[in-house]
Amino acid sequence: MVDWRAMNFDLSDEQRLIRDTVRDFARNEVAPLAEELDREKRFPYELVAAMGRLGLMGIPFEERWGGGGADTLSYALAVEELARIDSSVAITMAAHTSLGTAPIAWFGSEAQKERWLPELCSGRRLGAFGLTEPEAGSDAGNVRTRARLDGGEWLINGAKQFITNAGTEISGCVSITAVSGEIEPGRPEISNLIVANGTPGYEPGPPYRKMGWNASDTRPLSFDDCRVGEDCLLGARGAGFKQFLQVLDGGRIGVAAMGLGLAQGALDEALAYAKQRRAFGRPIATFQAIQIKLADLATEIEAARLLTYKAALLKDSGAPFSLTAAQAKLKTGRLAVRASEEAVQIHGGYGFIEEYPVCRFYRDAKILTIGEGTDEVQQMIIARALGC
Amino acid sequence: MKICCLVKEVPDAAVQKRIDAGTKRLDRSGERTLNPFDTHGIEAAMQIREGGAVAVDEIVAVTMGPDTAVRALHKSVALGADRSLHLSDPALSGSDVCATGYALAKALETEQPDLVLLGQQSDDGECYTIGAVVADHLKMPSLTQVIKMDVSEGKLVCQRQAEYGYDTVEIALPAVISVGDAINEPRYPSLKAIMGAKKKPLDTKGTGDVGIDPSQVGEAGSKTQVLGINPPPPKQSGEIIEDEDTNETVEKIVAWLEERKLI
Ligand SMILES: Cc1cc2nc3c(=O)[nH]c(=O)nc-3n(C[C@H](O)[C@H](O)[C@H](O)COP(=O)(O)OP(=O)(O)OC[C@H]3O[C@@H](n4cnc5c(N)ncnc54)[C@H](O)[C@@H]3O)c2cc1C
């Protein structure tokens with residue numbers, strides 16, 4: 001186990017190899033397809049299959065279920081390297097892992113794990129997490145979807161909003177929050193249920209037209225007298241609220257790694273471009289105004305990287321990590337927006353043209369200050385930890 | 001059949017290469033990785049195993065280098081080698097190509113391989129010669145820059161990159177073969193293989209363990225002496241011809257080439 005208290009900034013041999021392998025994979029396999037996938041808004045089935053074969057679709061889960069048995073930092077490194085090249089592919093893997101598969105791995109019964117984890121960890125099937133609703137976003141506890149026991153089955157009615165990975169041809173299941181009763185008058189009891197794709201009454205809607213993450217699958221879901229077995233309850237009845245907070249806490253490390261990777265990718269592109277683009281008879285990288293942007297970004301990215309890796313190491317060492325994860329998420333989301341903006345600026349007019357990856361990065365960055373808890377929600381969590 | 005793959009840890013290609021003026025050697029302090037050419041050697045070994053024409057009992061990754069070189073071995077076993085041998089000894093530091101080839105040959109003698117595979121060049125030194133030196137010491141036939149290999153009992157039929165086209169050569173085993181990067185597309189190590197890499201046996205041996213004569217290796221045992229080392233001269237900026245009239249442009253290019261006697 002990693003002893004983060006030693007302040008050792010070295011990666012282990014395994015972590016380094018995982019990072020380098022995903023870096024090679026992203027550069028060689030993802031980069032050539034990224035522009036086309038985005039333009040055609042096409043889900044990257046072939047890349048998901050390839051990532052599945054490499055073991056990248058179940059990095060932090062137990063080997064007995066087909067997972068990689070690696071730590072959270074390894075997972076974050078993999079997400080970072082993917083996002084450095086393409087955010088749609090990165091979020092597909094990250095949402096599948098920390099939102100789709102984690103609830104079953106953490107709270108599922110042996111039977112539920114046996115049914116789902118081998119399929120999910122291998123990437124043959126995708127997992128999704130349905131928390132957000134039309135009236136429950138930041139206020140995620142304001143769930144309106146209802147589930148009640150009816151003749152030994154859960155009868156589900158309601159709708160979910162903005163759900164990642166639920167509507168692809170290989171989507172396996174979605175874990176949803178639903179009100180399953182009342183703890184006391186006016187206090188709803190929230191439970192989580194696993195709903196398999198193809199269950200009558202469960203319909204993923206048409207995909208949204210989005211600003212970015214165009215190759216990732218995001219849809220509304222509807223549940224209309226949808227019936228699932230009693231054994232689809234995830235963990236204890238009424239544990240749903242605590243469970244989803246825990247899932248979101250862990251998920252933030254993955255999303256922070258996305259922001260970090262996107263920012264690094266934007267810097268990579270901007271730096272390469274600045275060295276090669278000439279104006280006034282010399283490379284624009286020799287102008288101090290450009291150098292200042294690049295130097296500031298490199299510094300901010302390194303700071304964000306330390307915060308993100310620290311959150312991962314805290315989680316792996318069993319220490320409380322919610323505060324650091326919220327800080328990492330807040331820092332990296334904003335940084336991704338800023339870095340991609342600066343990268344476009346450094347590209348001049350070319351940055352506004354889709355052939356240049358920074359154009360896509362700019363569109364892909366914005367969701368990182370919104371999804372899995374908005375900046376304002378992260379600030380609430382951080383302020384609470386400060387004792388406000 | 002037993003295959004030994006020679007591998008080397010080199011500075012990562014993304015790192016700007018710098019020369020250490022004091023030691024007159026490449027500054028190897030930055031990020032390092034397995035020499036990309038050697039990954040083609042390991043992949044070639046894996047393809048022989050998976051091809052099934054001969055039974056491969058064992059693939060052993062062998063390196064000579066400081067402690068950090070273990071990482072190159074970890075990657076090698078993650079890519080499919082069964083175990084690894086690390087030749088490491090302060091006495092080896094500063095060895096030139098001949099001394100390195102001798103030391104590696106001594107280490108290989110303890111393994112008695114039927115086939116030795118290696119990348120045709122290293123990303124740092126780019127000498128292209130280690131394979132031949134090793135083969136000479138082992139008294140084995142050797143081919144360099146091989147881009148295709150068909151194995152059968154006791155022999156190999158290889159295609160070797162030549163100036164024009166390629167040569168097809170049959171060679172008896174045991175042999176030493178250096179491979180070019182056109183020979184195959186190395187696989188990515190799977191997460192499972194990465195996580196399992198440390199469970200595969202790794203032997204560390206010093207000069208004494210493999211019968212290396214210490215006077216033949218290290219800086220003192222090297223027959224070459226580096227008197228000076230300089231970075232390559234910066235690339236001259238090219239001449240850009242604006243394409244206004246294509247016929248004119250072609251004429252300009254042809255004139256430019258003729259002026260330099262290139263055509
Ligand atoms: C592409 C995409 C993919 C997504 N994937 C998933 C998924 O897989 N699963 C899932 O469950 N959800 C998913 N989401 C939903 C996402 O997590 C929510 O959109 C997000 O949490 C914000 O909720 P909301 O959109 O309802 O905004 P609201 O909660 O309505 O917020 C609107 C604004 O009000 C602010 N605000 C709200 N409350 C407060 C407060 N108390 N103090 C200060 N400011 C406040 C917010 O910060 C924000 O600026 C996804 C969204 C998108 C766009």
Side-chain angles (χ1 to χ4, degrees), chain A residues 9-30 47 49-71 73-75 77-78 81-82 84 93 97 121-123 264 267-268 271-272 275-276 278 281-283, chain B residues 7 9-16 29-40 42-43 61 63 65 67-81 84 86 123 181 184-200 202 234-235 237-240 242:
Chain A
F9 292 101
D10 270 347
L11 298 178
S12 73
D13 290 350
E14 287 85 358
Q15 288 160 347
R16 185 184 296 267
L17 253 182
I18 290 168
R19 180 197 64 187
D20 293 352
T21 301
V22 180
R23 183 175 294 169
D24 288 346
F25 176 82
R27 279 189 192 149
N28 301 337
E29 317 298 325
V30 180
L47 293 173
M51 289 194 288
R53 285 192 294 273
L54 286 180
L56 301 180
M57 296 303 279
I59 293 174
F61 306 112
E62 283 178 80
E63 281 164 312
R64 71 183 166 123
W65 302 118
D71 53 17
L73 182 53
S74 299
Y75 164 63
L77 289 165
E81 291 299 333
L82 289 174
R84 199 168 162 179
M93 182 274 238
T97 305
C121 289
S122 65
Q264 180 67 57
L267 174 61
D268 295 342
L271 182 60
K275 285 182 180 169
Q276 159 252 310
R278 297 173 74 86
R282 54 198 196 147
Chain B
V7 299
E9 189 194 38
V10 296
D12 191 281
V15 176
Q16 188 118 27
S29 58
E31 280 284 326
R32 275 156 296 180
T33 184
L34 172 61
N35 176 30
F37 285 90
D38 296 337
T39 62
H40 293 274
I42 296 166
E43 180 64 30
T63 197
D67 289 352
T68 57
V70 165
R71 292 202 194 118
L73 294 174
H74 280 146
K75 181 156 183 188
S76 303
V77 294
L79 285 166
S84 48
H86 183 196
D123 233 16
D181 53 358
N184 54 38
E185 190 73 45
R187 67 199 64 192
Y188 299 98
S190 71
L191 184 66
K192 198 167 170 213
I194 291 171
M195 298 306 286
K198 282 211 175 140
K199 292 179 198 128
K200 292 188 177 176
L202 163 71
K235 250 192 216 154
S237 63
E239 191 176 321
I240 295 170
E242 293 283 343

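In what follows, chains carry the letters A, B, and so on, assigned in the order in which the sequence lines appear, proteins first and then strands, with residues in each chain numbered from 1.
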Problem - More than 12 heavy atoms of other groups within 6.0 Å of A:Gln276 CD - result: yes
Handout entry: All salt bridge (Lys or Arg N to Asp or Glu O under 4.0 Å) counterparts of B:Glu31, not counting sequence neighbours
Key = A:Arg16, A:Arg19
Fill in the blank from the handout: Sorted by chain and number, sequence neighbours left out, salt bridge (Lys or Arg N to Asp or Glu O under 4.0 Å) with B:Lys198 holds for A:Asp13, A:Glu14
Handout entry: Toward chain A: residues of residues 189-196 of chain B with heavy atoms under 4.5 Å
Key = B:Pro189, B:Ser190, B:Leu191, B:Ile194, B:Met195
Fill in the blank from the handout: Residue set satisfying salt bridge (Lys or Arg N to Asp or Glu O under 4.0 Å) with B:Asp12, at least two apart, ordered chain then number -> none
Practice task
First locate atom CG of A:Asp24, then atom OG1 of B:Thr33, and finally report the distance between them rounded to the nearest 0.5 Å.
Solution key: 7.5 Å
Handout entry: Per-residue contact mode, B:Ala78 against chain A (heavy atom under 4.5 angstrom)
Key = side chain
Handout entry: Option in A:Glu29, A:Arg53, A:Glu63 with maximal non-hydrogen atom pairs under 4.5 Å from chain B
Key = A:Glu29
Practice task
Could you grab the distance from atom CG of A:Asp20 to atom OH of B:Tyr188, nearest 0.5 Å is fine?
Solution key: 12.5 Å
Completion exercise
One should read off an interatomic distance between A:Thr21 OG1 and B:Leu79 CG, to the nearest 0.5 angstrom, of 7.5 Å
